[in-house]
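Before any comments, here is the structure.
Worth knowing before you read on, the calculation uses all heavy atoms, side chains too, and leaves out hydrogens, waters and symmetry mates. Just so it is clear: chains get the letters A, B, ... in the order the sequence lines come, proteins before strands, and each one is counted from 1.
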Number of protein chains: 2
Amino acid sequence: MESPFLADCPARLTVELIADKWTAVVLYGLSDGPVRHGELAELIGGISRKVLTQTLRRLELHGLVNRHAYAEVPPRVEYELTPLGATLIDPIHMLTEWARENGEAVLDALDVNERKPPRAAA
Amino acid sequence: MESPFLADCPARLTVELIADKWTAVVLYGLSDGPVRHGELAELIGGISRKVLTQTLRRLELHGLVNRHAYAEVPPRVEYELTPLGATLIDPIHMLTEWARENGEAVLDALDVNERKPPRAAA
DNA sequence: CTGTATCCTCGAAGATACTG
DNA sequence: CAGTATCTTCGAGGATACAG
């Protein structure tokens, strides 16, 4: 009943780890070194503080990100990739590069296909 | 107000294209050549027909997948990657390879971190 | 500055039954 | 076999206000 080739395979884990609106973007935002919470929020743009925190928490939990809170006033908290997290940057870069190269083509296809009624295919 | 480095960049497009529970898996399932609807469902496992169809439709719309319906009885419909869609396989493979190599480490981290109360960090 | 709590919306995804 | 329609559930993510 269960699944053939991917059901419990680790690949699924990774996909689910990244497959939300922000995770990949957050990781990308951390790829140049430690960043503060607010800084990261601005860098990314469009993400709410709550969701950013949630995302970072999950990444921390999964061992991909380290959180370092400085006992200062005002508070300062920096996040950075763990060595494990850093290894995910390459795959993510592949995706962004793909986008840079093929993003236009996707938009074109979208544009063309939207002019045709859904199932009037040739 | 808007965003710094990724807001409208094509990378976001790709992430959003893949960032759902099934898209990457479906693409992966098509990476070996044309597959029939039901075949694909079984191959993936755990996906409902409805969601599979929806996913394929969106991929078709974005120019990543081709749908070929044969006028037979019983009906046969095959899906396959377009050349554009095929270029996405490499990045996706990167992810699955990452998972194969680091999936365990992630689970370990998860395991360790779950024994500590959330914010009692050292 | 950082983080949490609460409320709310919206769409993804599942179950099921039905059509071509 | 392929696909659609309907109903429902569930959680991600946004807004806001507040706390340390």
### Summary
Side-chain atoms of H37(A) come closest, of dG13(D), dT2(C), dG14(C), to dT2(C)

### Query
When you measure from the side chain of P74(A), which nucleotide among dC1(C), dG3(D), dT2(C) comes out closest?
dC1(C)

### Query
Does R49(A) place a side-chain N or O at less than 4.0 Å from the phosphate oxygens OP1/OP2 of dT16(D)?
no

### Query
Nearest to the side chain of S48(A) - dT2(C), dG14(D), dA5(D)?
dG14(D)

### Query
Are any of R76(B)'s side-chain N or O atoms less than 4.0 Å away from OP1 or OP2 of dA2(D)?
no

#### Entry: Selection from dC1(C), dG3(D), dG3(C) that lies nearest to any side-chain heavy atom of P75(A)
dC1(C)

### Task
Take the protein atom CD of Q54(A) and the nucleotide atom C1' of dG3(C), then report the distance between them rounded to whole Å.
11 Å

### Query
Which listed nucleotide (dG14(C), dA2(D), dG20(D)) is nearest to the side chain of W22(B)?
dG14(C)

### Message
I want to check one thing: is the phosphate of dC1(D), taken as OP1 and OP2, less than 4.0 Å away from some side-chain N or O of Y79(B)?
### Response
no

### Query
Once you round it to whole Å, what is the distance between C1' of dG3(C) and CD of E78(A)?
17 Å

### Task
Check whether any side-chain heavy atom of M94(B) sits under 4.5 Å from a side-chain heavy atom of H93(A), and report yes or no.
no

### Message
In this structure, how many angstroms lie between the C1' atom of dC1(D) and the CG atom of L40(B), rounded?
### Response
14 Å

### Task
Name the closest nucleotide to the K50(A) side chain, picking from dG13(D), dG14(C), dC1(C).
dG13(D)

### Task
State, to 0.1 Å, how close I92(A) and A24(A) come at their nearest heavy-atom pair, and which atoms those are.
CD1-O, 4.1 Å

### Query
Whole Å only: how far is the CG atom of L56(A) from the P atom of dT4(C)?
11 Å

### Query
For the pair made of NZ in K21(A) and P in dA12(D), what is the distance, rounded to whole Å?
13 Å

## Note on the structure
Tightest non-hydrogen contact, residues N113(B) and L61(A), listed as ND2-O, 2.9 Å

## Note on the structure
Taken to the nearest whole Å, CZ/R57(A) to P/dA12(D) is 16 Å

### Task
Mark yes when over 12 heavy atoms from residues, nucleotides or ligands other than E16(A) sit less than 6.0 Å from its CD; otherwise mark no.
yes

#### Entry: Gap between atoms CD and C1', on E72(B) and dG20(C) respectively (whole Å)
15 Å

### Message
Using whole Å, what does the distance between atom P of nucleotide dG3(D) and atom CD of E39(B) come to?
### Response
13 Å

### Task
Identify the residue among H62(B), R57(B), R58(B) that makes a side-chain contact (heavy atoms from CB on, under 4.5 Å) with E60(B).
R57(B)

